[in-house]
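We number each residue from 1, following the sequence as shown.
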Amino acid sequence: VKVMILNDILVYRRKDIEEMKLRYSLRKLQEAVEKKNGTTVRDFRRAISDPHRINVIAEIKKASPSEGILRDNFQPLRLAALLEYAGAAALSILTESRYFKGRPSHLKTIRQVTQIPLLRKDFILDEYQLYESKLLEADAVLLISSILTDEELRRFLDRCKALGLQALVEVHAEEDLKKALGAGAEIVGINNRNLRTLEVDVHRAERLLNRVPKNTTLVIESGFKDYSEIMKYKSLGISAFLIGTSLMKAPDVALKLQEIMKGARNV
């Protein structure tokens, strides 16, 4: 059943992209991006690389396929402001609409109330979405290694560079990591959640860590609930963490984020 969810998401996303292209052609989108050329880029990689603190990429999402609705009273702008205030290094904005109940437009509106970099988290399967992300004022995009071919990943990373977007390349297994590094990924996210089964294995990242070159910015994703889990990775030299579900389920997101990061400043 779980494997089906990922396949369903990808089928739905592809259909969605084709419909969007009919409404608003790639050419038109490219022209709009060229005209726009005035937004200051917020440096995502730099924001999550401070070695003296725990850099949390706080994720704003209303729902997830594994847990359904995470937050009934979902106010993305308020959440963004609270998480930035509580010390998030960057924000990850889920824009996939059917399974995560996100909206691409959240990127633009959240940008107006924040100063920290914004990562667009979605299932990027087509260059069209990279231009769209630029138009929506994302600073970085998520590229999932396992759902792209070597050639696509390389092409998308080149296109990101040309557009002034940074890319967090997500990996789950050794072959994904090989593909990501081969394509020239500079920021790699090791996801402890297996996208096909949705199971979380907090040791997944430990097994892949040593295979990542030192000059790569490394982010650990999924499965963190408290400070001790973070500190274990911090001791292994990791300084960036993507945290979503446990924040979104917390009644007070700012307090939860501070609890997760507590003591971080003195490390």
Side-chain angles (χ1 to χ4, degrees), residues 6 9-48 57 59-61 90-100 102-111 117-171 176 179-189 191 195 216-217 219 221 242:
L6 179 64
I9 293 175
L10 299 181
V11 167
Y12 168 68
R13 259 343 244 131
R14 284 201 172 91
K15 199 166 127 275
D16 198 31
I17 294 160
E18 292 315 310
E19 282 169 11
M20 279 163 64
K21 285 178 177 173
L22 293 174
R23 288 201 303 272
Y24 199 81
S25 71
L26 176 60
R27 188 73 225 118
K28 268 170 99 171
L29 186 57
Q30 288 169 329
E31 281 166 11
V33 168
E34 278 160 34
K35 278 200 196 92
K36 195 172 188 345
N37 231 344
T39 329
T40 334
V41 181
R42 302 172 184 177
D43 192 336
F44 176 73
R45 187 179 187 183
R46 190 165 160 224
I48 62 169
I57 304 163
E59 188 152 274
I60 295 178
K61 59 179 174 185
L91 295 172
S92 165
I93 317 296
L94 248 137
T95 57
E96 192 281 326
S97 59
R98 181 173 288 197
Y99 295 87
F100 292 88
R103 277 194 201 145
S105 61
H106 287 160
L107 274 164
K108 258 186 131 149
T109 48
I110 286 173
R111 193 177 180 90
L118 305 182
L119 168 75
R120 179 190 187 178
K121 194 160 180 203
D122 207 318
F123 296 82
I124 299 218
L125 301 163
D126 193 295
E127 278 188 50
Y128 185 93
Q129 292 164 286
L130 299 177
Y131 286 97
E132 182 198 26
S133 303
K134 186 65 184 175
L135 201 59
L136 291 165
E137 299 181 16
D139 301 293
V141 292
L142 179 82
L143 297 177
I144 302 171
S145 181
S146 63
I147 64 172
L148 299 170
T149 64
D150 293 77
E151 200 272 321
E152 284 169 333
L153 186 54
R154 200 168 290 124
R155 201 172 74 237
F156 290 3
L157 284 168
D158 288 345
R159 177 61 57 216
C160 283
K161 274 210 169 74
L163 286 168
L165 283 168
Q166 292 180 331
L168 170 62
V169 181
E170 180 177 298
V171 305
D176 298 339
K179 190 194 293 183
L181 296 173
E186 294 173 347
I187 312 169
V188 169
N191 197 339
L195 277 194
T216 309
T217 302
V219 179
E221 307 173 31
L242 190 139

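- To the nearest 0.5 angstrom, Ile17 atom CD1 is 5.0 Å from Leu125 atom CG.
- Between atom OG1 of residue Thr109 and atom CG of residue Leu107 there is a gap of 8.0 Å, rounded to the nearest 0.5 Å.
- In terms of heavy-atom proximity, Ser145 sits nearest to Val171 at CB-CG1, 4.1 Å.
- Closest of all the heavy-atom pairs between Val169 and Ala180 is CG1-CB, 3.6 Å.
- Between the side chain of Asp43 and the backbone N or O of Arg45, at least one donor-acceptor pair lies under 3.5 Å.
- To the nearest 0.5 Å, atoms CZ (Phe156) and CG (Leu148) are separated by 5.5 Å.
- Across every non-hydrogen atom of Leu165 and Ala140, the tightest pair is CD2-N, 4.3 Å.
- At a threshold of 4.5 Å between non-hydrogen side-chain atoms, the residues Glu170 and Ile144 count as touching.
- With hydrogens and angles disregarded, a donor-acceptor distance shorter than 3.5 Å links the side chain of Asp139 to the backbone of Leu118.
- Between Leu119 and Leu242, some side-chain heavy-atom pair lies under the 4.5 Å cut-off.
- Rounding to the nearest 0.5 Å places CZ of Arg103 at 12.5 Å from OG1 of Thr95.
- A donor-acceptor contact shorter than 3.5 Å links the side chain of Gln129 to the backbone of Phe123.
- Lys61 places no side-chain N or O within donor-acceptor distance of the main-chain N or O of Phe100, the cut-off being under 3.5 Å.
- Inter-residue side-chain proximity for Glu96 and Tyr12 is flagged as met; some heavy-atom pair is nearer than 4.5 Å.
- Remark: Ala183 engages Leu153, Arg154, Leu157 in a side-chain contact (heavy atoms from CB on, under 4.5 Å) (not counting sequence neighbours).
- Of the candidates Lys21, Arg14, Arg13, Asp126 forms a side chain to side chain donor-acceptor pair (under 3.5 Å) with just one, namely Lys21.
- When side chains are defined from C-beta on, Leu142 does not count as touching Ser92, because their heavy atoms never get closer than 4.5 Å.
- What you find for Leu143 and Ala167 is that their closest heavy atoms are CD1-CB, 3.9 Å.
- Salt bridge Asp176/Lys179: absent, no basic N to carboxylate O contact under 4.0 Å.
- At least one side-chain heavy atom of Val41 sits less than 4.5 Å from a side-chain heavy atom of Lys134.
- Legend: residues meeting side-chain contact (heavy atoms from CB on, under 4.5 Å) with Arg27, ordered by chain and number and at least two apart, are Ser25, Gln30, Glu31, Glu34.
- Side-chain atoms of Ile187 and Ile48, non-hydrogen and from C-beta on, do get closer than 4.5 Å to each other.
- Using modelled atom types, one side-chain atom of Arg111 and one backbone atom of Glu137 make a donor-acceptor pair closer than 3.5 Å.
- Note: Leu136 CG to Ile110 CD1 = 11.5 Å, rounded to the nearest 0.5 Å.
- Note that the CD1 atom of Ile124 and the OG atom of Ser133 stand 4.0 Å from one another [nearest 0.5 Å].
- Closest heavy-atom contact between Ile57 and Leu91: CG2-C, 4.1 Å.
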Ile60 and His106: CA distance, side-chain angles, deciding distance, side chain to side chain contact (heavy atoms under 4.5 Å, CB included) verdict:
CA-CA 10 Å; Ile60 295 178; His106 287 160; over 6 Å; no

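- Salt-bridge check for Asp16 with Arg98: failed, with every basic side-chain N at 4.0 Å or more from each acidic carboxylate O.
- Residue pairs meeting the salt bridge (Lys or Arg N to Asp or Glu O under 4.0 Å) criterion with at least one partner in residues 155-164, sequence neighbours excluded, are Glu127-Arg155, Glu127-Arg159, Glu151-Arg155, Lys161-Glu186.
- By the 4.5 Å heavy-atom criterion applied to side chains, Glu221 and Glu59 are not counted as neighbours.
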